[in-house]
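Read through the structure below, which is laid out as structure tokens, and then see the notes.
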Amino acid sequence: MISGDDRNSVEYPRALMTLRTHVAHRQRGLAILLVGLILGGCSPFADRTPAPSAAVAPSPSATASPTPAPIVPSDFVTGPARWTDCGSGFQCAPLRLPRDYDDPTAGTLDVSLIRLPATDPATRIGSLVVNPGGPGGSGVEFVRDNGTSFPKAIRARFDIVGFDPRGVNSSSAVRCIDNLDGLADVDPSPDDPAELKALVDQAQAYAAACAQRNAGLLPYLSTEAVVRDLDQIRIAVRDEKLTYLGFSYGTLIGSMYADRYPDHIRAMVLDGAIDPTLTEVQLRTGQAKAFEVELSRFIADCAKRVKCAFHQGGKTRQAFDALMASIDKKAIPILRTAGRRRVGPGLAFSAVLGAMYNRAAWPSLALALAYAKAGDGRLLVLISDPFRGRKPDGAYSNQSDAYFANTCLDFPVSTDLSDFTAMNDSFRTIAPHFRAAAFNDLTCAFWSVPPERKPAPATALGAPPIVVVGSTYDPATPYAWAKALAGQLQSGVLITRNGDGHTGYFVSACVQAAVNTYLTDLTAPAKGLTCAK
């Protein structure tokens with residue numbers, strides 16, 4: 001599925017390392033940097049320090065929660081975070097925050113924090129709070145897996161702080177369906193009434209399961225609530241003003257925060273921006289078009305390089321379309337693996353979609369397609385599983401559940417099935433390989449809680465400079481969205497990165513240098529800054 005930005009895992013499951021081995025054996029010297037994903041996402045970065053993910057937050061019984069100050073109407077003030085060691089140089093803290101900021105009687109929920117302390121306490125500026133995207137991405141796991149990959153200049157001056165937004169992972173998590181394997185068996189791009197009915201039945205059943213298991217939580221998981229949590233996090237880390245780096249869906253959190261608390265910002269960077277004025281239909285249409293462009297670039301790149309694993313004599317597009325059509329008719333086996341899973345159109349679509357987030361993953365996708373053409377879907381699964389939140393042991397993270405819990409509150413969708421089928425029909429022309437985007441949010445048509453957010457521009461009147469980063473061939477958050485957001489923000493400053501893939505900070509030295517200077521010295525980039533890659 002496609003989210004407001006992406007629905008990718010924030011870490012590399014060990015199974016992905018197997019794909020590196022396959023590629024190394026197949027093409028000596030091939031540079032591989034598989035997609036590091038947040039739906040979600042979703043982290044958009046390659047995992048530079050793969051390591052086992054230990055428990056990232058102490059249990060409530062092991063560490064007392066901070067005692068909140070009295071709640072006053074429409075406000076809540078938390079105390080300082082109580083940090084405890086949670087391994088490998090990281091510190092963790094639980095926060096207890098209002099379930100509903102406007103209703104003190106609604107009780108509380110938990111939000112988990114992690115930090116990697118600054119390496120030079122003498123020159124420490126404060127905390128850099130980061131969000132990797134989603135909705136559904138774990139900021140705690142992102143910082144644990146990627147915190148040491150931040151540039152030395154940033155690591156010296158800032159504590160790197162991540163948080164799991166309410167509903168996500170270790171923060172009062174929503175859980176709808178424990179095993180999502182069956183969902184991948186339904187064709188996400190229905191071609192006939194029977195396939196459409198199966199997709200509708202699945203969406204309806206998923207929404208019903210979410211409502212049954214999370215009735216007391218679903219109404220409180222909007223981005224507006226996360227924004228108010230973020231300000232409490234600022235207080236908990238003892239920063240007078242917020243320094244924030246948001247990627248993908250994290251840019252929606254950031255722009256809404258800037259609108260609500262413009263005078264609480266020290267510095268803010270929004271990389272891979274979402275235009276907050278977009279409706280759900282506009283969001284999916286923009287993504288479908290952008291993914292189609294990126295897929296065409298992948299195919300063209302493979303077709304012109306004989307060493308590309310799916311070169312197919314230069315007829316890469318014809319071979320790709322034939323393979324997808326074949327999988328649509330009959331799922332292919334996953335050879336040399338236990339279990340009875342097969343790769344049908346759902347898993348194949350997820351693999352192609354996931355590989356579009358990072359150009360460095362294109363060689364892996366090419367090899368996976370070559371294996372699939374030979375009747376073996378195992379490499380497609382090694383790409384699609386982490387994208388869908390499936391772990392090597394077959395368990396799933398709650399990123400899919402958290403994604404819908406947030407998206408269905410943030411984006412009003414039609415309850416008329418004909419609107420979804422009409423969008424699907426239009427995508428046959430503008431994005432034929434990504435028609436599944438038309439039904440991405442069908443579950444929200446059956447959601448038990450009505451949407452809250454209305455699309456609106458973010459202006460952040462009175463805020464200091466806010467840096468927006470847009471990549472020209474970003475498939476998940478198209479470049480036009482970054483331009484739109486930078487134009488809406490009264491103090492918006494746009495950095496353009498000419499290149500493929502989702503977000504720019506971790507793939508462009510030019511972007512990183514400009515952002516680092518801004519974060520440390522508060523010197524905004526020059527107007528019109530364009531980075532070659």
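Values reported hereafter were calculated over all heavy atoms of this structure, with side chains retained and with hydrogens, waters and symmetry mates removed.
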| message | I want to check something: taking the side chain as every heavy atom from C-beta on, are R166 and V226 in contact at a cut-off of under 4.5 Å? | response | yes
| Do L417 and L196 come close enough that some side-chain heavy atom pair is under 4.5 Å? | yes
| said: Whether the side chain of Q282 engages the backbone of T279 through a donor-acceptor N/O pair (distance < 3.5 Å, no angle test) should be reported. | reply: yes
| query | Between atom CG of L347 and atom CG of L183, what is the distance when rounded to the nearest 0.5 Å? | reply | 11.0 Å
| said: Would you say OH of Y473 has more than 12 non-hydrogen atoms from neighbouring residues, nucleotides or ligands within 6.0 angstrom? | reply: no
| said: Whether the side chain of N424 engages the backbone of F420 through a donor-acceptor N/O pair (distance < 3.5 Å, no angle test) should be reported. | reply: no
| field | Electrostatic pair R341:D185 at N-O distance under 4.0 angstrom | value | no
| Can you find a heavy atom in the side chain of T285 that is under 4.5 Å from one in the side chain of I430? | yes
| query | Taking all non-hydrogen atoms of both residues, which atom of A405 and which atom of L221 are closest, and how far apart? | reply | CB-CD1, 3.6 Å
| Taking the six-membered ring of F411, is the NZ or CZ of R453 close enough (under 6.0 Å from the centre) and on axis enough (within 45°)? | yes
| task | Output, in order, the C-alpha distance, side-chain angles, deciding distance and verdict of salt bridge (charged side-chain N to carboxylate O under 4.0 Å, His left out) for R359 and D301. | result | CA-CA 11 Å; R359 184 175 178 125; D301 177 77; 3.1 Å; yes
| task | Check step by step if salt bridge (charged side-chain N to carboxylate O under 4.0 Å, His left out) holds for K197 and D192. | result | CA-CA 9 Å; K197 182 179 185 303; D192 57 50; over 6 Å; no
| field | Inter-residue atom distance M356.CE - E292.CD, 0.5 Å rounding | value | 10.5 Å
| Just by distance, do the side chain of S414 and the backbone of D416 share a donor-acceptor pair under 3.5 Å? | yes
| said: Which heavy atom of D164 sits nearest to which heavy atom of V168, and what is that distance? | reply: CB-O, 3.5 Å
| Can you list the steps and then say if D500 with F298 is a side-chain contact (heavy atoms from CB on, under 4.5 Å)? | CA-CA 10 Å; D500 297 281; F298 158 73; over 6 Å; no
| request: I would like to know whether D178 and Y396 meet side-chain contact (heavy atoms from CB on, under 4.5 Å); could you show each step before the answer? | output: CA-CA 7 Å; D178 295 318; Y396 281 84; over 6 Å; no
| Min side-chain heavy-atom separation R213-C176 under 4.5 Å | no
| said: Please evaluate residues L379 and S364 with respect to the criterion side-chain contact (heavy atoms from CB on, under 4.5 Å), reporting the C-alpha separation (whole Å), side-chain torsions for both, the decisive distance (0.1 Å), and the verdict. | reply: CA-CA 8 Å; L379 301 190; S364 301; over 6 Å; no
| task | Could you go through the side-chain contact (heavy atoms from CB on, under 4.5 Å) check for Q202 and L442 one step at a time? | result | CA-CA 10 Å; Q202 179 192 83; L442 181 61; over 6 Å; no
| task | Could you grab the distance from atom NZ of K304 to atom CD1 of I299, nearest 0.5 Å is fine? | result | 13.5 Å
| query | Looking at CG of N169 and CG of D401, how far apart are the two atoms once the value is rounded to the nearest 0.5 Å? | reply | 12.0 Å
| Less than 4.5 Å apart, any side-chain heavy atom of S418 and any of M423? | no
| field | F310 and its side-chain contact (heavy atoms from CB on, under 4.5 Å) partner, picked from Y371, W362, F320 | value | F320
| Student check: side-chain heavy atoms of D474 and Y479 closer than 4.5 Å | no
| How about Y357 and F291: are their ring centroids closer than 6.0 Å? | yes
| message | Testing the basics here: between A476 and W481, what is the closest heavy-atom pair and its distance to 0.1 Å? | response | O-CZ3, 3.6 Å
| request: Looking only at non-hydrogen atoms, find the nearest pair between S112 and S171 and report the distance. | output: N-OG, 2.7 Å
| request: Mind checking the OH-OG1 spacing from Y206 to T443? Nearest 0.5 Å is all I need. | output: 7.0 Å
| request: Write down the atom of A290, the atom of P475, and the distance for their closest heavy-atom approach. | output: CB-O, 3.4 Å
| query | Side chains of H502 and S471: do they bring a donor and an acceptor to under 3.5 Å? | reply | no
| task | May I ask you to test the S255-L485 pair for a side-chain heavy-atom distance under 4.5 Å? | result | yes
| query | Sub-3.5 Å donor-acceptor pair from the side chain of Q399 to the main-chain atoms of F387, do we have one? | reply | yes
| request: Compute the ring centroids of F434 and F427, then answer whether they are less than 6.0 Å apart. | output: no
| For the residue pair F150 and Y505, does the interplanar ring angle fall in the parallel (under 30°), tilted (30 to 60°) or perpendicular (over 60°) class? | tilted
| task | Could you pull out the closest heavy-atom pair between T503 and D271, with the gap in Å? | result | CA-OD1, 3.4 Å
| Is a side-chain donor or acceptor of R175 paired with a backbone partner of S397 at a separation under 3.5 angstrom? | yes
| Counting N and O atoms only, with roles assigned by atom type, does the side chain of D328 sit under 3.5 Å from a partner on the main chain of M324, one being a donor and the other an acceptor? | no
| message | Would R378 and D376 count as a salt bridge (charged side-chain N to carboxylate O under 4.0 Å, His left out) here? Give the steps. | response | CA-CA 6 Å; R378 73 181 115 152; D376 185 353; 2.4 Å; yes
| query | Hey, what's the ring geometry for F247 with F506, parallel, tilted or perpendicular (30° and 60° as the breaks)? | reply | tilted
| said: How long is the straight-line distance from CD of E280 back to OG1 of T407, given to the nearest 0.5 Å? | reply: 9.0 Å
| task | Please say which of T223, T477, N131 ends up in a side-chain hydrogen bond (donor to acceptor under 3.5 Å, both in side chains) with Y249. | result | T223
| request: State, with a plain yes or no, whether a side-chain heavy atom of D187 is found less than 4.5 Å away from one of L199. | output: no
| query | Does a donor on one side chain and an acceptor on the other come within less than 3.5 Å for D441 and Y403? | reply | yes
| query | Between the side chains of S296 and R317, is a donor N or O closer than 3.5 angstrom to an acceptor N or O? | reply | yes
| query | Side chains of R435 and S189: do they bring a donor and an acceptor to under 3.5 Å? | reply | no
| query | With distance as the sole test, does E294 use its side chain to make a donor-acceptor pair with the main-chain N or O of G501 at under 3.5 Å? | reply | yes
